Amino acid sequence: MYRAPRGTNDILPQEQPHWRYVEARADDICQLYGYERIDSPAFEETALFTRSVGAGTDIVEKEMYTFADKGGKMMTLRPEGTAPVCRAYLEHGMHNLNQPVKLYYIAPIFRYERPQAGRLRQHHQFGCEAIGDNDPALDAEVIDMAWRFFLSLGLRGQSLLLNSIGCRKCRPDYLAALKEYYDPLAAKLCPDCRVRLERNPLRLLDCKTPSCQEMADAAPRTVDRLCPECNGHFERLKKYLQLLDIPFQVNNRLVRGLDYYTRTVFEIQPEDAGAQGTLGGGGRYDDLIEELGGRPTPAIGFGSGIERAILNLKKQSVPVPPLPRPQVFIAHMGEEAEETAIRLASGLRREGIGVVMATDQRSLKSQMRQANAFSARYCLVLGKDEVAAAAAVLKDMQTAEQRTAPLAGLASLLKQALAGE
RNA sequence: GUGAGUGUAGCCCAGUGGUCUAAGGCGCCAGGUUGUGGCCCUGGAGAACGAGGGUUCAAAUCCCUCCACUCACCCCA
């Protein structure tokens with residue numbers, strides 16, 4: 001038997017209320033903050049990601065779904081959301097629009113990883129990007145948006161981690177200090193970190209190995225080496241967050257896994273941070289647009305995992321509204337009655353009344369059981385007598401009361417009854 | 001990529017070498033007298049016990065290999 005590929009899953013009807021709920025909250029938030037939706041292709045030229053995300057990152061090194069298309073071009077299933085949006089910004093000349101350009105997306109993300117709780121090979125992210133402005137107020141707004149998003153879902157207890165990792169002006173100085181600190185310690189580092197020391201020293205800071213953590217705690221801090229501009233930016237951001245009443249903890253070891261980040265980086269963690277302790281995260285990427293061939297264009301964004309959000313909604317037993325379904329069920333007996341039922345169902349639907357019709361000529365008992373299983377509010381019963389009288393039996397499934405009503409006035413009768421709920 | 005656990009009907013699961021051509025619950029289907037639901041009762045369909053190999057007189061039950069799933073590590077959303 002065929003199964004969904006490892007790390008992917010079907011989102012079954014019973015899961016849809018959660019999905020529609022989370023997506024609706026995302027849409028609401030974006031509308032509130034003036035972000036417009038963009039949908040980009042599920043795959044892009046591989047180079048877009050290798051160039052932006054960074055050759056030394058886990059994503060590029062081992063997690064991309066890359067393939068050659070029939071024309072021999074290397075393509076990759078989107079492993080993150082920011083680069084495609086930046087590509088679209090450039091491709092469509094959005095620098096000619098009012099800046100910053102504010103965009104959001106809800107889209108599948110693909111990463112080849114070993115699946116586990118809260119981690120999939122295809123997951124979905126809600127993310128937003130504000131491109132073309134370097135005001136720290138925009139950083140605050142994006143963080144505020146992410147924060148409000150989780151609050152609007154009904155989640156509680158999440159926390160915000162914040163850091164600044166500098167820009168291309170101050171980063172080299174910092175990295176030099178970091179290397180100077182770590183070089184004598186190289187022998188004590190875990191094997192992974194020895195590689196990081198050469199390839200991506202910033203990542204030394206978030207190693208999980210206890211011995212490495214101790215060293216990382218004592219390592220030079222990015223915030224102590226920021227250039228005046230970056231420092232001012234960070235200070236203003238923190239002030240704005242206080243203004244917005246958003247509690248945050250500066251975490252000097254927060255660096256994030258993508259190479260394009262500059263200055264602000266942040267992460268939002270759920271109350272009960274299990275193995276997958278990230279609800280969402282993001283940061284500034286002031287050099288990325290330029291790196292992709294555009295003019296220097298500052299930008300900031302964040303991404304959040306829909307599955308992670310739903311996981312936490314369930315963990316916290318947050319109720320989500322049910323999806324609307326048809327309220328009327330039509331049962332029928334005999335061929336004539338079925339023909340009448342078919343016409344009646346169609347007529348009611350044209351009036352905007354959701355209808356489910358019994359099929360297959362089951363016994364009336366069985367049809368009533370179906371109506372019950374559908375949680376129909378009203379049931380219409382058609383038999384020989386009703387067909388002859390151009391009427392239907394209208395049964396209220398809650399009170400079990402029923403009466404005969406002429407077919408002609410049924411639509412308005414039902415509309416009235418359903419509206420009175 | 002590494003480590004651990006699990007694998008019996010659509011779902012949850014009993015079963016620890018013979019009485020298992022596999023039990024129960026949920027769900028599904030039908031019926032409980034004439035055209036009516038939710039509770040209850042009865043009946044029915046549905047599993048070659050993940051796959052392959054081996055040990056044994058005998059295996060769902062023991063061994064091996066593979067596969068899948070789950071969880072954890074790395075890393076992330």
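Note that the coordinates shown come from a computational prediction; the quantities given were computed from them, not determined experimentally. We name chains A, B, ... by the order of the sequence lines, and we start the count at 1 in each one.
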Base, sugar-phosphate, or nothing for [X], non-hydrogen atoms under 4.0 angstrom?
X	answer
A:Glu386	base
A:Arg203	sugar-phosphate
A:Lys208	sugar-phosphate
A:Asp385	base
A:Ile306	nothing
A:Gly127	nothing
A:Thr57	nothing

Base-pairing mate for [N] - Watson-Crick or G-U, with both contacts under 3.5 Å:
N	answer
B:U6	B:A68
B:U56	none
B:A45	none
B:C75	none
B:U21	none
B:U36	none
B:C13	none

[N] to [M] separation - [atom1] atoms, rounded to the nearest Å:
N	M	atom1	answer
B:U65	B:G46	C1'	31 Å
B:A51	B:U42	P	34 Å
B:G27	B:C12	C1'	11 Å
B:G15	B:C67	P	30 Å
B:C28	B:C20	P	30 Å
B:U8	B:G50	C1'	10 Å
B:U6	B:C63	P	12 Å
B:C13	B:G18	C1'	24 Å

Atom [atom1] of [X] and atom [atom2] of [N]: how far apart are they, to the nearest Å?
X	N	atom1	atom2	result
A:His124	B:C76	NE2	C1'	17 Å
A:Arg196	B:C76	CZ	C1'	12 Å
A:Gln367	B:U36	CD	C1'	9 Å
A:Leu364	B:U36	CG	C1'	4 Å
A:Arg199	B:C75	CZ	P	15 Å
A:Arg3	B:G10	CZ	P	12 Å
A:Glu335	B:G35	CD	C1'	18 Å
A:Met64	B:C76	CE	P	16 Å

Partner of A:Leu380 under side chain to side chain contact (heavy atoms under 4.5 Å, CB included), chosen from A:Leu407, A:Val393, A:Val355, A:Leu348: A:Leu348
Counting only side-chain heavy atoms from C-beta out, which of [options] sits nearest to [X]?
X	options	result
A:Asp206	B:A68, B:C76, B:G32	B:C76
A:Arg308	B:G32, B:C71, B:A77	B:A77
A:Arg114	B:A30, B:A72, B:C76	B:A72
A:Glu113	B:A77, B:A30, B:A68	B:A77

Between [X] and [Y], do the side chains contain an N or O donor and an N or O acceptor separated by less than 3.5 Å?
X	Y	value
A:Tyr33	A:Asp144	yes
A:Thr82	A:Glu129	yes
A:Gln125	A:His123	yes

Backbone of A:Gly118 reached by a side-chain donor or acceptor of A:Arg308 within 3.5 Å: yes
So does [X] get a side-chain nitrogen or oxygen closer than 4.0 Å to the phosphate oxygens (OP1/OP2) of [N]?
X	N	result
A:Arg377	B:G37	no
A:Ser366	B:C29	no
A:Arg111	B:C76	no
A:Arg362	B:G31	no

Flag side-chain contact, heavy atom, 4.5 Å: A:Met368 against A:Lys395: yes
Earlier contact from the 5' end, RNA chain B, for A:Ala400 and A:Ala117: A:Ala400
Nearest-nucleotide 5' precedence on RNA chain B, A:Gln116 against A:Glu80: A:Gln116
A:Lys315 NZ: over 12 foreign heavy atoms closer than 6.0 Å: yes
Among A:Asn134, A:Thr262, A:Thr264, A:Asp139, the one residue meeting side-chain hydrogen bond (donor to acceptor under 3.5 Å, both in side chains) with A:Arg284: A:Asp139
Side-chain donor/acceptor contact of A:Gln402 with base of B:U36 under 3.5 Å: yes
Donor-acceptor pair under 3.5 Å, A:Lys365 side chain vs B:U36 base: no
Mutual orientation of the aromatic rings belonging to A:Phe374 and A:Phe329 [parallel < 30°, tilted 30-60°, perpendicular > 60°]: tilted
